[in-house]
Asker: 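One structure follows; several queries about it will come next.
Side chains included, hydrogens not; waters and symmetry mates left out as well; all remaining heavy atoms used.
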Amino acid sequence: MKSSALPPNLPVPEDDGGCSHLFKQSIPDISLQNQDGIYLKLRRNDSFRIVFYCYPMTGNPKKTLPENWDSIPGARGCTPQTCSFRDHYDDLVKYNAIPIGLSTQLVPEIKEMTTRLFIPYDVVSDCELKFSKLIDLPTFKINNSVFIKRLTLIIEKSIIVKVFYPIFPPDLHIYEVLEWLEKN
């Protein structure tokens, strides 16, 4: 079994039912900006599956995290999770799947992260919470900022066929995704 690189004392998120309505739901006809400011259509009928992983926010080494970030169940670990999808990109493609990340961060923040971490796939911004509100994604709030709780949707022809929620530890979640893709 692989071990997590995250601190051992992080609070574990519990299933609050926030994603129970998502299975078999259709992806709405919406486009969000990716790291390059290009609108990416989310409702697609491609022959490949989309591994749509949603996360609160990736940190920036030059900025401090929100106060008490590590005490929020499921908040810590966005960068290691994103890097695990990067490191297993070829494995995902082997299973006819591509990852797309989503957070409420602004496009320039996502661009900084994808450039710094050499992310080879799209990460989109839902900074206005349009997509999150349309399918009612679970969120949490710190001060005046809203963050999406960590979850992953496997999408086939614009239909959600698998929901992973809650996710912990996030840096090892890729193995759950790969196992599911291999069996399905």
Asker: Could you tell me whether the side chain of Pro56 reaches within less than 4.5 Å of the side chain of Lys149, counting heavy atoms only?
Answerer: no
Asker: Compute whether any side-chain donor of one residue and acceptor of the other, for Tyr53 and Thr82, lie under 3.5 angstrom apart.
Answerer: yes
Asker: Test side chain to side chain contact (heavy atoms under 4.5 Å, CB included) on Ile174 and Leu92 and set out the steps.
Answerer: CA-CA 9 Å; Ile174 185 66; Leu92 292 164; 4.1 Å; yes
Asker: Which of these passes side chain to side chain contact (heavy atoms under 4.5 Å, CB included) with Ser31: Lys41, Lys130, Arg43?
Answerer: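 Filter result, single survivor: Lys41.
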Asker: Please confirm whether the ring centroid of His173 lies under 6.0 Å from the ring centroid of Phe168.
Answerer: no
Asker: Distance from Leu32 atom CG to Cys127 atom SG, nearest 0.5 Å?
Answerer: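 Taking CG in Leu32 and SG in Cys127, the distance rounds to 8.5 Å.
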Asker: Can you check whether Leu106's main-chain N or O pairs, donor with acceptor, with Glu109's side chain at less than 3.5 Å?
Answerer: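 Yes: the side chain of Glu109 pairs with the backbone of Leu106.
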Asker: So, does Ser125 use its side chain to make a donor-acceptor pair with the main chain of Gln33 at under 3.5 Å?
Answerer: no
Asker: Provide the closest heavy-atom pair for Val123 versus Gln35 in the form atom of the first, atom of the second, distance.
Answerer: N-OE1, 2.9 Å
Asker: I'd like to know whether the aromatic ring centres of Trp180 and Tyr175 sit less than 6.0 Å apart in this structure.
Answerer: no
Asker: Got a second to check how far Tyr55's OH is from Leu102's CG, nearest 0.5 Å?
Answerer: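 If I round to the nearest 0.5 Å, the distance is 7.5 Å.
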Asker: Tell me whether Asp46 is salt-bridged to Lys157, with the criterion being a basic N under 4.0 Å from an acidic carboxylate O.
Answerer: no
Asker: Looking at every heavy atom in both Gly37 and Val107, which two are closest together, and how far apart are they?
Answerer: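 The pair with the smallest heavy-atom distance is N-CG1, 3.9 Å.
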Asker: State plainly whether one hydrophobic cluster holds both Val124 and Ile30, where clusters connect Ile, Leu, Val, Met, Phe, Trp and Tyr through side-chain heavy atoms under 4.5 angstrom apart.
Answerer: yes
Asker: Verify the cluster assignment for Leu22 and Phe164: are they in a single hydrophobic cluster under the rule of side-chain heavy atoms below 4.5 Å apart?
Answerer: no
Asker: Same cluster for Ile167 and Phe52 if Ile/Leu/Val/Met/Phe/Trp/Tyr side chains link at under 4.5 Å?
Answerer: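 Not linked; separate clusters.
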Asker: Hey, does Arg49 have a side-chain heavy atom less than 4.5 Å from the side chain of Leu181?
Answerer: yes
Asker: Between atom CD1 of Ile98 and atom CG of Asp122, what is the distance when rounded to the nearest 0.5 Å?
Answerer: 7.0 Å
Asker: Ignoring hydrogens, what is the shortest heavy-atom contact between Leu134 and Gln25? Give both atom names and the distance.
Answerer: O-NE2, 4.3 Å
Asker: Say you draw a straight line from CG of Asn184 to OH of Tyr95; how long is it, rounded to the nearest 0.5 Å?
Answerer: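 These two atoms lie 11.5 Å from each other.
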Asker: Have Thr104 and Asp126 got a donor and an acceptor in their side chains that come within less than 3.5 Å?
Answerer: no
Asker: Would you say the side chain of Val51 lies within less than 4.5 Å of the side chain of Thr152, judging by non-hydrogen atoms?
Answerer: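 Touching, per the 4.5 Å side-chain cut-off.
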Asker: Taking side chain as C-beta onward, heavy atoms only, is Ile72 less than 4.5 Å from Phe147?
Answerer: no
Asker: Heavy-atom count check: over 12 atoms from other residues, nucleotides or ligands less than 6.0 Å from Asn143 CG?
Answerer: no
Asker: Taking all non-hydrogen atoms of both residues, which atom of Arg150 and which atom of Ala75 are closest, and how far apart?
Answerer: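 Answer, listing the atom of Arg150 first, then Ala75: NH2-O, 3.1 Å.
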Asker: Check whether more than 12 heavy atoms from other residues, nucleotides or ligands sit under 6.0 Å from atom CG of Asn144, and answer yes or no.
Answerer: no
Asker: Mind checking what makes side chain to side chain contact (heavy atoms under 4.5 Å, CB included) contact with Asn96, not counting sequence neighbours?
Answerer: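 Asn96 satisfies side chain to side chain contact (heavy atoms under 4.5 Å, CB included) with Phe48 only.
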Asker: Find the distance between CZ (Arg116) and OG1 (Thr114) and round it off to the nearest 0.5 Å.
Answerer: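 Atom-to-atom, Arg116:CZ and Thr114:OG1 are 9.5 Å apart.
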Asker: Using side chain to side chain contact (heavy atoms under 4.5 Å, CB included) as the criterion, point out the one residue from Ile160, Ile50, Val177 that pairs with Ile154.
Answerer: Val177
Asker: For Tyr165 and Asp16, test the side chains for any donor-to-acceptor distance below 3.5 angstrom and give the result as yes or no.
Answerer: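 Per modelled atom types, Tyr165 and Asp16 side chains form a pair under 3.5 Å.
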Asker: Measure across Pro13 and Pro166 and return the closest heavy-atom pair with its distance rounded to 0.1 Å.
Answerer: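 Minimum heavy-atom contact is O-CG, 3.7 Å.
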Asker: Treating Ile, Leu, Val, Met, Phe, Trp and Tyr as nodes and any side-chain heavy-atom pair under 4.5 angstrom as an edge, say whether Phe131 and Val161 lie in one connected cluster.
Answerer: no
Asker: Are any of the side-chain nitrogens in Asp70 or Arg76 under 4.0 Å away from the carboxylate oxygens of its partner?
Answerer: yes
Asker: My understanding is that only residues two or more places apart in sequence, or in another chain, count here; which of them pass salt bridge (Lys or Arg N to Asp or Glu O under 4.0 Å) with Glu14?
Answerer: none
Asker: Less than 4.5 Å apart, side chain to side chain, heavy atoms only: is that true for Ile100 and Asn34?
Answerer: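 Side-chain contact under 4.5 Å: no.
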Asker: Starting from the C-alpha separation in whole Å, work towards a yes-or-no answer on side chain to side chain donor-acceptor pair (under 3.5 Å) for Ser84 and Asp171.
Answerer: CA-CA 6 Å; Ser84 73; Asp171 58 331; over 6 Å; no
Asker: If I take atom CD1 from residue Ile119 and atom NZ from residue Lys111, how far apart are they, to the nearest 0.5 angstrom?
Answerer: 12.0 Å
Asker: Assigning hydrophobic clusters by single linkage (Ile, Leu, Val, Met, Phe, Trp, Tyr; side-chain heavy-atom cutoff under 4.5 Å), is Ile155 placed with Ile148?
Answerer: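 The answer is yes; both residues are in one hydrophobic cluster.
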Asker: Please tabulate, one pair per line, all N/O donor-acceptor pairs under 3.5 Å involving side-chain atoms of residues 59-68, not counting sequence neighbours.
Answerer:
{"from": "Asn60", "atom 1": "OD1", "to": "Lys62", "atom 2": "N", "distance (Å)": "2.8"}
{"from": "Asn60", "atom 1": "ND2", "to": "Glu112", "atom 2": "OE1", "distance (Å)": "3.4"}

Asker: Test His21 against Asp136 for side chain to side chain contact (heavy atoms under 4.5 Å, CB included), laying out the working first.
Answerer: CA-CA 9 Å; His21 64 287; Asp136 193 24; 3.5 Å; yes
Asker: Go through the steps for Ser158 and Asn45 under the test side chain to side chain contact (heavy atoms under 4.5 Å, CB included), then give the verdict.
Answerer: CA-CA 6 Å; Ser158 297; Asn45 286 315; 4.1 Å; yes
